[in-house]
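Note that this is a predicted model, so its numbers are computed, not measured. Note: hydrogens, waters and symmetry copies are ignored here, and every other heavy atom, side chains too, is used. We count ligands from 1, going down the list as the structure has it; atoms in each ligand are counted the same way.
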Amino acid sequence: MTRFLNIAAGIVALAALGSASPRQRAEPAGLDAFISEERGIALQGALNNIGPNGSLVPGTSAGFVVASPSKANPDYFYTWTRDSALTMKTIVDEFLFGDTSLQTYIEDYIHAQAVLQTVTNPSGTLLPSGTGLGEPKYYVDGTRFNAAWGRPQRDGPALRAITLMTYSNWLISNGQEEKARDVVWPVIANDLSYTGQYWNATGFDLWEEVSGSSFFTTQSQYRALFEGGELAETLGVECTGCDEAPQVLCFLQSYWNGEYITANINDQSGRSGRDANTILGPISVFDVNAQCDSLTVQPCNPRGLANFKVLIDAFRNASLYPINEGIPQSSGVAVGRYPEDVYYGGNPWYLITLGAAEYLYDAVAQWKTQASLTVDKTSLPFFKDIYAAARVKTYKPTGNGTEFSDILAKVTAYADSFVAVAQTYTPSNGSLSEQFNKTAPGNPLSAHDLTWSYASFVTMAERRAGQYPPSWEPSVPAEVPAQCAASLTKGTYSPALAAGAPNVTTTCMSKVLFAVNASTYYGENVYLVGNTTDLGSWNIRNSHPLQSSNYTEENPLWFLQVDLTAGETVSYGYAKHEDCNQPYIYETTNRTLVVPACVEGADDVVVARTSDEWEGPDGSSGGCAS
Ligand SMILES: *[C@@H]1O[C@H](CO)[C@@H](O)[C@H](O)[C@H]1NC(C)=O
Ligand SMILES: *[C@@H]1O[C@H](CO)[C@@H](O)[C@H](O)[C@H]1NC(C)=O
Ligand SMILES: *[C@@H]1O[C@H](CO)[C@@H](O)[C@H](O)[C@H]1NC(C)=O
Ligand SMILES: *[C@@H]1O[C@H](CO)[C@@H](O)[C@H](O)[C@H]1NC(C)=O
Ligand SMILES: *[C@@H]1O[C@H](CO)[C@@H](O)[C@H](O)[C@H]1NC(C)=O
Ligand SMILES: *[C@@H]1O[C@H](CO)[C@@H](O)[C@H](O)[C@H]1NC(C)=O
Ligand SMILES: *[C@@H]1O[C@H](CO)[C@@H](O)[C@H](O)[C@H]1NC(C)=O
Ligand SMILES: *[C@@H]1O[C@H](CO)[C@@H](O)[C@H](O)[C@H]1NC(C)=O
Ligand SMILES: *[C@@H]1O[C@H](CO)[C@@H](O)[C@H](O)[C@H]1NC(C)=O
Ligand SMILES: *[C@@H]1O[C@H](CO)[C@@H](O)[C@H](O)[C@H]1NC(C)=O
Ligand SMILES: *[C@@H]1O[C@H](CO)[C@@H](O)[C@H](O)[C@H]1NC(C)=O
């Protein structure tokens with residue numbers, strides 16, 4: 001009920017804005033009060049989604065960050081490596097800013113991730129070559145998730161390393177260098193090995209939709225490898241993979257297309273490449289002491305600012321986002337992932353609208369630190385929108401003019417106006433979902449209490465309050481090789497025992513092709529389930545969906561390749577399911593397979609192919625798939 005009152009007030013504000021005084025929007029009444037209250041709600045909102053005590057996520061193991069308590073429409077009741085790392089980075093930073101009560105969460109996280117690294121999953125294993133680290137998500141008790149998914153995702157290990165390195169640097173400064181080296185570094189080292197080995201291979205992007213190379217991923221990978229090299233030197237250990245940093249930085253430059261940063265390359269998505277991935281990356285590698293011309297593409301970077309304008313302008317389109325109609329060019333709007341988005345109809349996201357604000361606060365902080373602001377031909381259109389008198393020149397706070405401070409005030413007001421948009425669409429109890437409707441009245445949509453939304457509010461509020469995370473950039477600007485080259489460094493992997501990982505050893509996995517003839521209705525699928533963890537331990541929720549790409553009426557083949565432990569005997573069976581609220585239909589027999597020996601060093605060889613015929617009842621069409 002109260003939510004609708006709040007949103008109604010928002011409509012009034014927007015209507016007023018469309019007709020008369022746009023300046024009002026840049027300085028909305030009560031923004032300070034809103035931010036100070038919501039910051040506390042947001043931090044608590046994130047903590048509520050972390051095990052073992054999180055009030056909204058009972059059953060979650062210690063140190064696991066759940067994406068959202070929502071278990072249906074959509075089901076986000078999992079722990080994602082990326083979302084967890086970004087959330088824990090926020091928590092580490094809050095800890096560094098003085099909230100010592102958060103240390104338990106960090107310690108739990110280190111332990112949970114050390115164990116998680118060893119969990120064999122559909123992306124692979126930790127040993128011998130790290131492939132399992134690219135798995136995007138797990139159940140909230142840290143067990144593997146078998147269903148089809150956009151995997152691997154290669155940003156997770158880099159982001160987790162960054163979070164753990166930030167905490168390690170604190171340990172070192174507080175007399176706990178041994179702990180940093182012996183307990184935390186082994187976890188980080190696996191992630192850096194993975195990053196150095198696979199940065200030049202394609203994977204799924206942060207939205208889990210596009211397979212290719214993602215700007216967000218590459219940017220985080222560079223930071224991880226550069227910081228890893230520095231930390232290894234401090235600790236007197238080796239970093240395998242960190243030598244790749246210059247090549248990653250070289251590759252990062254190739255996302256710029258002369259007009260904006262293309263979010264995904266080496267992909268087949270057919271999208272324009274305008275995507276908020278390119279503003280979330282810069283805020284997660286933000287360093288207040290970095291130079292604006294740094295090749296790491298900081299928020300104040302001229303290309304970054306040109307890109308910011310192109311991206312935001314894409315969402316000013318009122319046919320795309322009706323709630324942005326009438327908002328002037330100098331004021332913030334509701335921002336979504338990318339203009340072609342259709343998920344839940346394609347709507348603005350809280351974490352991106354807030355991320356846009358954070359981006360601008362970051363840039364202002366950098367200009368202040370440098371006491372200098374250079375407008376060049378590339379960034380001029382960005383500045384013109386908010387400061388009509390902007391010219392190509394370097395502005396300084398010295399001298400008799402006030403232009404430098406005027407521009408900074410304008411950019412800050414512009415940042416505030418994005419927060420004001422988020423405020424307009426935030427329910428009065430402060431809860432933040434994933435999205436809000438692009439059409440008035442702009443109700444919250446998709447997953448409720450999204451952990452990443454809450455974390456994004458906290459980081460935005462930190463920047464606005466002048467709280468910056470520790471610096472990481474090289475003091476001497478990083479250079480890139482004269483020529484970019486495809487490359488990799490083979491990683492070294494071992495379970496982080498001191499942090500609590502089990503002592504897993506290399507197992508040579510055998511690839512088995514499960515093939516079954518099973519006639520199905522349109523919309524009905526076939527699943528494989530069995531008695532080992534690899535096969536879901538008879539839990540249908542964790543069964544493997546089979547592929548139907550070779551299915552014909554005469555030869556109704558369903559199949560899937562699965563890695564199993566050589567020599568083990570497995571009990572398995574198939575189930576049919578049509579998603580019309582109908583129950584699963586199980587076979588009337590349990591099958592047995594002895595997994596043959598593996599082929600050492602030839603992971604792709606199929607060592608066995610079943611030839612099964614469905615034994616069990618037929619389903620009936622539920623009529624809801626069309
Ligand atoms: C907060 O408000 C939203 C929107 O009205 C509602 O869906 C949600 O259940 C509320 N949360 C709590 C904890 O009351
Ligand atoms: C969870 O609760 C237990 C028991 O009260 C406590 O010992 C532990 O520190 C709590 N963990 C966190 C992360 O708050
Ligand atoms: C690998 O690196 C080369 C050199 O930077 C680049 O041209 C190529 O697109 C990269 N491929 C992937 C998948 O990262
Ligand atoms: C505005 O959005 C509509 C609806 O998505 C789209 O058809 C149109 O091409 C967009 N206009 C511009 C200028 O991008
Ligand atoms: C100060 O202002 C005067 C008059 O506008 C101008 O001629 C002079 O160049 C300015 N000095 C600086 C350092 O900007
Ligand atoms: C968004 O709001 C519009 C207008 O109220 C409504 O028709 C539409 O169904 C909503 N979208 C979603 C995904 O709920
Ligand atoms: C871990 O397992 C390996 C191989 O079985 C063994 O050599 C090693 O001693 C074990 N390490 C610990 C700490 O148990
Ligand atoms: C599916 O069909 C392709 C193309 O004919 C064939 O190469 C492949 O082996 C088939 N897969 C299975 C599991 O039979
Ligand atoms: C699975 O079933 C087979 C056949 O009954 C049995 O030999 C094996 O020990 C079982 N494995 C597990 C993990 O229960
Ligand atoms: C197969 O084995 C599982 C686990 O023991 C059991 O729950 C299931 O009923 C068995 N199915 C058949 C058809 O025997
Ligand atoms: C599946 O059906 C095809 C076509 O009828 C047949 O050739 C094949 O042998 C069948 N496979 C099994 C395992 O029955």
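Contacts classified as salt bridge (Lys or Arg N to Asp or Glu O under 4.0 Å) and involving residues 562-572 (residues at least two apart or in different chains) are given here: Lys511-Asp563. Within the structure, the side-chain hydrogen bond (donor to acceptor under 3.5 Å, both in side chains) test picks out no pair touching residues 57-73 (sequence neighbours left out).
Salt bridge Asp32/Arg464: present, at least one basic N to carboxylate O contact under 4.0 Å. Between Glu434 and Arg337 there is no salt bridge, since no side-chain nitrogen of the basic residue lies less than 4.0 Å from a carboxylate oxygen of the acidic one.
Listed by number with element, the atoms of ligand 1 under 4.0 angstrom from any heavy atom of Asn429 are 1 (C), 2 (O), 3 (C), 8 (C), 10 (C), 11 (N), 12 (C), 14 (O).
Between Phe34 and Phe457, the ring centre distance stays below 6.0 Å.
Protein neighbours of ligand 10 below 4.0 Å, counting non-hydrogen atoms: Trp538, Glu587, Thr588, Thr589, Asn590.
Taking 4.0 Å as the cut-off, Arg609 counts as a neighbour of ligand 8 on heavy-atom distance.
Remark: the Asn539 side chain and the Tyr139 side chain contain no N/O donor-acceptor pair separated by less than 3.5 Å.
Every side chain to side chain contact (heavy atoms under 4.5 Å, CB included) that Ser543 has, sequence neighbours left out, goes to Tyr527, Val529, Ile540.
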